[in-house]
Amino acid sequence: MCQLLGLNSNLPTDICFSFTGFRARGGETDKHADGWGIAFFEEGGVRVLHDPQPACSSRLAALVADHPLHATTIIAHIRKATIGAIRLENTHPFSRELWGRQWVFAHNGTLLDFAPVIEGRFRPAGTTDSELAFCWLMEGLQRRFGDSRPERLALFEWLQGAAIALTRFGVINFLLSDGELLFAHCSTRLSHVTRQAPFGDVHLVDTELSVDLGRSLDPATRSVIVATVPLTANEHWVAMPAGSLWCFQAGELVAMAPTRPGQVPLATDDCV
């Protein structure tokens with residue numbers, strides 16, 4: 001399957017260490033060699049990078065792993081293509097503006113026979129079911145709430161219903177954020193870990209690299225890392241139940257609710 005990586009923090013932080021292990025899964029320690037992308041929410045804006053090359057050999061991915069871009073929310077994706085050609089416009093994460101904010105979305109899974117009619121301003125630029133699902137979500141949010149961003153609870157409840165509706169078509173593991181809130185839907189598999197003081201040594205499972213977080217993080221930092229498969233071997237990763245929607249804000253879990261587990265389509269691999 002494709003792989004997802006997300007970060008949500010109370011203070012700006014970088015993701016160099018976690019991304020180093022994550023990018024190895026893009027063609028080196030796993031088979032997701034069909035492109036990658038990452039989005040950094042920084043000071044009211046968002047920086048998005050895409051590359052259809054394998055993450056493990058991408059010079060741009062190497063730059064991201066080595067250059068500490070600080071952000072409060074980050075979403076990354078490595079792709080194993082099934083629906084949509086290996087092209088720049090089909091690489092995740094995707095972004096759109098709504099309510100004066102940039103929203104970013106990345107998806108792992110396959111949605112079969114998903115063909116909604118998109119009538120508003122949110123139109124796919126590529127040919128993946130993932131971007132189509134994102135546009136459907138954005139159009140649905142605007143239709144439901146109009147021109148004003150709703151309170152967190154109303155937004156969460158609407159997304160809970162939307163995730164259940166999408167699950168009828170297959171697997172819809174996703175990360176979605178407006179820079180403040182990070183929503184994580186576990187359709188089949190996701191895990192998360194919280195990092196806060198006292199920090200210690202952490203060790204990646206995909207490469208021989210460890211780091212003492214206490215030397216690089218502000219002691220007041222509290223962050224949550226979400227990944228398809230745990231990235232480290234010596235941290236307490238929490239497996240999210242299949243069929244659950246989670247919401248994180250400032251590095252804390254603020255909401256969780258059941259949805260419905262995804263059904264892996266027999267006709268294709270569990271990935272887009």
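In what follows, every heavy atom counts, from backbone to side chain, and hydrogens, waters and symmetry copies are set aside.
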Minimum heavy-atom separation for [X] to [Y], with atom names?
| X | Y | value |
| --- | --- | --- |
| Thr91 | Gly35 | CG2-CA, 4.4 Å |
| Ile78 | Ala55 | CG2-CB, 3.8 Å |
| Ala239 | Ser191 | CA-OG, 3.6 Å |
| Pro68 | Cys16 | CA-SG, 3.5 Å |
| Pro150 | Ala154 | CB-CB, 4.1 Å |
| Ser95 | Gln102 | CB-OE1, 4.0 Å |

If we only count heavy atoms from C-beta on, is the [X] to [Y] side-chain gap below 4.5 Å?
| X | Y | answer |
| --- | --- | --- |
| Gln142 | Phe122 | yes |
| Arg189 | Val229 | yes |
| His32 | Arg25 | yes |
| Thr72 | Leu11 | no |
| Thr232 | His203 | no |

Phe183 and Trp103 aromatic ring geometry - parallel, tilted or perpendicular at 30°/60° bounds: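 Parallel: the ring planes of Trp103 and Phe183 meet at under 30°.
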Report the relative orientation of the aromatic rings in Phe145 and Trp158; use parallel for angles under 30°, tilted for 30 to 60°, perpendicular for over 60°.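 Ring orientation of Phe145 relative to Trp158: perpendicular.
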Please report the C-alpha distance between Leu176 and Phe134 in whole Å, then the side-chain angles of each, then the deciding distance to 0.1 Å, and finally whether the side chain to side chain contact (heavy atoms under 4.5 Å, CB included) criterion is met. CA-CA 9 Å; Leu176 172 70; Phe134 179 40; 3.9 Å; yes
Please test Cys247 against Leu181 for side chain to side chain contact (heavy atoms under 4.5 Å, CB included), starting from the C-alpha separation and ending with a verdict. CA-CA 7 Å; Cys247 179; Leu181 304 172; 4.1 Å; yes
With rounding to the nearest 0.5 Å, note down the distance linking [atom1] in [X] to [atom2] in [Y].
| X | Y | atom1 | atom2 | answer |
| --- | --- | --- | --- | --- |
| Thr13 | Ile74 | OG1 | CD1 | 7.0 Å |
| Leu141 | Trp136 | CG | CH2 | 9.0 Å |
| Asn108 | Lys80 | CG | NZ | 12.0 Å |
| His107 | Leu137 | NE2 | CG | 10.0 Å |
| Gln3 | Thr228 | CD | OG1 | 4.5 Å |
| Arg96 | Arg121 | CZ | CZ | 10.0 Å |

Output all residues satisfying salt bridge (Lys or Arg N to Asp or Glu O under 4.0 Å) with Glu235, sequence neighbours left out; order by chain, then residue number.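 Once residues adjacent in sequence are excluded, the partners of Glu235 under the salt bridge (Lys or Arg N to Asp or Glu O under 4.0 Å) criterion are Arg195.
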With Asn90, the side-chain hydrogen bond (donor to acceptor under 3.5 Å, both in side chains) member among Asp34, Thr128, Thr127: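 So, applying the side-chain hydrogen bond (donor to acceptor under 3.5 Å, both in side chains) to Asn90 and each of Asp34, Thr128, Thr127, only Thr127 qualifies.
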Under the ring pair (Phe, Tyr, Trp, His ring centres under 6.0 Å) test against Phe174, which residue among His77, His92, His185 passes?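 With Phe174 as partner, His77, His92, His185 yield a single ring pair (Phe, Tyr, Trp, His ring centres under 6.0 Å), made by His185.
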For [Y], is there any backbone N or O sitting under 3.5 Å from a side-chain donor or acceptor partner on [X]?
| X | Y | result |
| --- | --- | --- |
| Ser18 | Ile15 | no |
| Thr73 | Gly179 | yes |
| Ser187 | Ile172 | yes |
| Thr207 | Leu209 | no |
| Asn173 | Thr188 | yes |
| Asn10 | Ala220 | yes |
| Arg222 | Ala250 | yes |
| Ser223 | Asn8 | no |
| Glu97 | Gly100 | yes |
| His192 | Ala184 | no |

Not counting sequence neighbours, list each pair that qualifies as a salt bridge (Lys or Arg N to Asp or Glu O under 4.0 Å) and has a residue in residues 173-183.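 Every salt bridge (Lys or Arg N to Asp or Glu O under 4.0 Å) pair that includes a residue of residues 173-183, provided the two are not neighbours, is Arg101-Asp178, Arg101-Glu180, Arg149-Asp178, Arg149-Glu180.
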Out of the candidates Leu7, Val64, Asp14, only one should pair with Phe40 under the side chain to side chain contact (heavy atoms under 4.5 Å, CB included) rule; please name it.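 Answer to the side chain to side chain contact (heavy atoms under 4.5 Å, CB included) test with Phe40 among Leu7, Val64, Asp14: Val64.
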Is it true that Ser210 and Asp201 share a donor-acceptor pair across their side chains at a distance under 3.5 Å?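 There is no such pair between these side chains.
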Does a side chain donor of either Gln53 or Arg59 reach within less than 3.5 Å of an acceptor in the other side chain?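 Result is no, nothing qualifies.
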Examine [X] and [Y] and state if one hydrophobic cluster contains both, with Ile, Leu, Val, Met, Phe, Trp and Tyr joined whenever side-chain heavy atoms are less than 4.5 Å apart.
| X | Y | answer |
| --- | --- | --- |
| Phe169 | Ile164 | no |
| Leu111 | Ile118 | yes |
| Leu63 | Phe22 | yes |
| Val205 | Phe17 | no |

Atom CZ of residue position Arg47 - does it have more than 12 heavy atoms of other residues, nucleotides or ligands inside 6.0 Å?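 Count not over threshold, so no.
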Do other residues, nucleotides or ligands put more than 12 heavy atoms under 6.0 Å from the CZ atom of Arg87?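 Result for CZ/Arg87: open.
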Other ILVMFWY residues reachable from Leu253 by side-chain steps of under 4.5 Å: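 Leu4, Phe41, Val46, Val48, Ile75, Val104, Leu175, Leu182, Leu190, Val224, Val226, Met240, Trp246, Phe248, Met256, all in the cluster of Leu253.
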Could you check Leu155 against Glu151 for side chain to side chain contact (heavy atoms under 4.5 Å, CB included), going step by step and ending with a plain yes or no? CA-CA 6 Å; Leu155 181 58; Glu151 295 296 322; over 6 Å; no
Tell me, with the steps shown, if Val238 and Val193 meet side chain to side chain contact (heavy atoms under 4.5 Å, CB included). CA-CA 6 Å; Val238 177; Val193 64; over 6 Å; no
Taking NZ, NE, NH1 and NH2 as the nitrogens, is one of them in Arg144 or Glu139 under 4.0 Å from a carboxylate oxygen of the other?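 Salt bridge absent between Arg144 and Glu139.
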